[in-house]
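So the structure is just underneath, and the comments pick up after that.
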Amino acid sequence: MILNKDVNILIVEDEIIATEYLKNILYSLEFENIFTAENFEEALEEIKKQEINLIFMDINISGSIDGINCAKILNKHYFLPIIFTTAYCDKETMIEAINTNCFGYIVKPFSVNEVQSSLLLTLSKLKEVKSSLLKENINLQQNVISLGFGQKFDFLNKTFYVNSIPINLTKNETNLLYVFCKNINQNLSYEILKEEVWTNKDISDSTIRDTVSRLKKKALNLNLENIVNLGYILKS
């Protein structure tokens, strides 16, 4: 586990009382390096100055860029695990949040235990992701990623191999696996998969489920998990 004193946490929140409340909780949990911002611009400045390890992001921050879009923009340039804080817990907001680098989601008003649990899960998952990235056998020159059990995906040729034998996949199955491999160990919502694989086509969630099912029959050892009502994650 990462030591608390080594974790730099950024709180992006435009309400002073809410910021101080969360800061006090973090201090009580022995986190020492805490930084704050009220909007996207301030968050970006802090990230440029500090090596931020994770962010508590209020969804409804002030300014023209809300918390979800702030997270999306920041993660185009940095790897920043996000724990969203919000007074809303509707399905649409959750789906939109998961399209970012979302590691957690807590609803206001939250308790010390909820913050602690969310942090422990996030830091554990972060450690797991970093470890898997180190262990992943990615040959950048050949653009090949190892998926275990003799399975490999060649990004350059968009070809899936099992024990060096190319597996015949349909166009949609290939494109789907390509997106999963490019975003390995990340939750991918149905909306992202529709946009990346079935561009500009109006398809149902069941079409994605059917394609995933066919893919898994051809790649029996693929560590592909379903996140109920939200999407899928390919684990290394």
Side-chain angles (χ1 to χ4, degrees), residues 1-133 185-187 189 227 230 233:
M1 182 65 67
I2 303 173
L3 295 176
N4 293 6
K5 65 179 181 180
D6 295 327
V7 178
N8 291 341
I9 298 176
L10 175 63
I11 300 172
V12 185
E13 168 67 69
D14 59 357
E15 295 183 4
I16 296 176
I17 294 176
T19 299
E20 291 302 313
Y21 176 69
L22 181 52
K23 278 176 66 177
N24 287 333
I25 289 178
L26 294 173
Y27 285 140
S28 73
L29 296 173
E30 299 183 356
F31 288 91
E32 300 176 359
N33 304 327
I34 304 170
F35 308 89
T36 62
E38 293 187 4
N39 51 48
F40 166 72
E41 289 78 13
E42 290 184 8
L44 184 58
E45 285 301 311
E46 287 296 330
I47 289 165
K48 288 179 178 178
K49 291 188 295 184
Q50 317 289 342
E51 183 182 350
I52 299 299
N53 300 114
L54 67 91
I55 298 177
F56 278 91
M57 177 80 72
D58 178 51
I59 287 180
N60 296 302
I61 55 174
S62 60
S64 58
I65 300 175
D66 64 16
I68 290 177
N69 285 306
C70 177
K72 288 179 180 179
I73 295 170
L74 293 176
N75 272 288
K76 285 182 179 180
H77 305 284
Y78 308 91
F79 178 78
L80 294 166
I82 308 290
I83 299 176
F84 283 104
T85 63
T86 180
Y88 304 97
C89 193
D90 57 281
K91 181 181 176 182
E92 289 73 21
T93 302
M94 287 184 66
I95 290 174
E96 192 176 1
I98 207 171
N99 289 341
T100 67
N101 199 18
C102 177
F103 274 58
Y105 194 104
I106 52 178
V107 180
K108 299 176 180 178
F110 42 76
S111 66
V112 174
N113 287 338
E114 287 173 315
V115 173
Q116 183 177 36
S117 297
S118 185
L119 273 170
L120 289 174
L121 286 172
T122 297
L123 292 176
S124 176
K125 185 176 179 182
L126 181 57
K127 183 180 179 181
E128 184 179 304
V129 169
K130 287 184 175 181
S131 176
S132 67
L133 289 174
N185 296 314
Q186 295 185 47
N187 298 334
S189 68
I227 307 166
L230 292 177
I233 179 171

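In what follows, every heavy atom counts, from backbone to side chain, and hydrogens, waters and symmetry copies are set aside.
- Under the 4.5 Å side-chain criterion, counting only non-hydrogen atoms from C-beta, L26 is in contact with L119.
- Here the two rings, on F56 and F110, have centers that are 6.0 Å apart or farther.
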Side-chain donor/acceptor pairs under 3.5 Å, residues 57-68, sequence neighbours excluded:
| unit_1 | atom_1 | unit_2 | atom_2 | d |
| --- | --- | --- | --- | --- |
| D58 | OD1 | K108 | NZ | 3.0 |
| D58 | OD2 | N60 | N | 3.4 |
| D66 | OD1 | I68 | N | 3.3 |
| D66 | OD1 | N69 | N | 2.9 |
| D66 | OD1 | N69 | ND2 | 3.1 |

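- With sequence neighbours left out, the salt bridge (charged side-chain N to carboxylate O under 4.0 Å, His left out) criterion links E20 to K23.
- For Q116, the side chain to side chain contact (heavy atoms under 4.5 Å, CB included) partners are L29, N113, L120, not counting sequence neighbours.
- The side-chain heavy atoms of N33 and V7, taken from C-beta on, include no pair separated by under 4.5 Å.
- Among all heavy-atom pairs drawn from A71 and F84, the shortest one is CB-CZ, 3.8 Å.
- Residues that satisfy the salt bridge (charged side-chain N to carboxylate O under 4.0 Å, His left out) test with K49, not counting sequence neighbours, are E46.
- No side-chain heavy atom of I9 sits under 4.5 Å from any side-chain heavy atom of F35.
- For E45, the side chain to side chain contact (heavy atoms under 4.5 Å, CB included) criterion is met by K48, not counting sequence neighbours.
- Counting only distance, with no hydrogens or angles, the side chain of N8 and the backbone of N53 share no donor-acceptor pair below 3.5 Å.
- The two residues G104 and S118 come nearest to each other via the heavy atoms CA-OG, 4.3 Å.
- Checked against ring-ring contact (aromatic ring centres under 6.0 Å, His included), Y27 has no partners two or more places apart in sequence or in another chain.
- A distance-only check finds a donor-acceptor pair linking the side chain of E13 to the backbone of E15 [under 3.5 Å].
- With I11 as the partner, the side-chain contact (heavy atoms from CB on, under 4.5 Å) test is satisfied by one option alone out of I34, T85, I55: I34.
- The nearest pair of heavy atoms linking A43 to V12 is CB-CG2, 4.0 Å.
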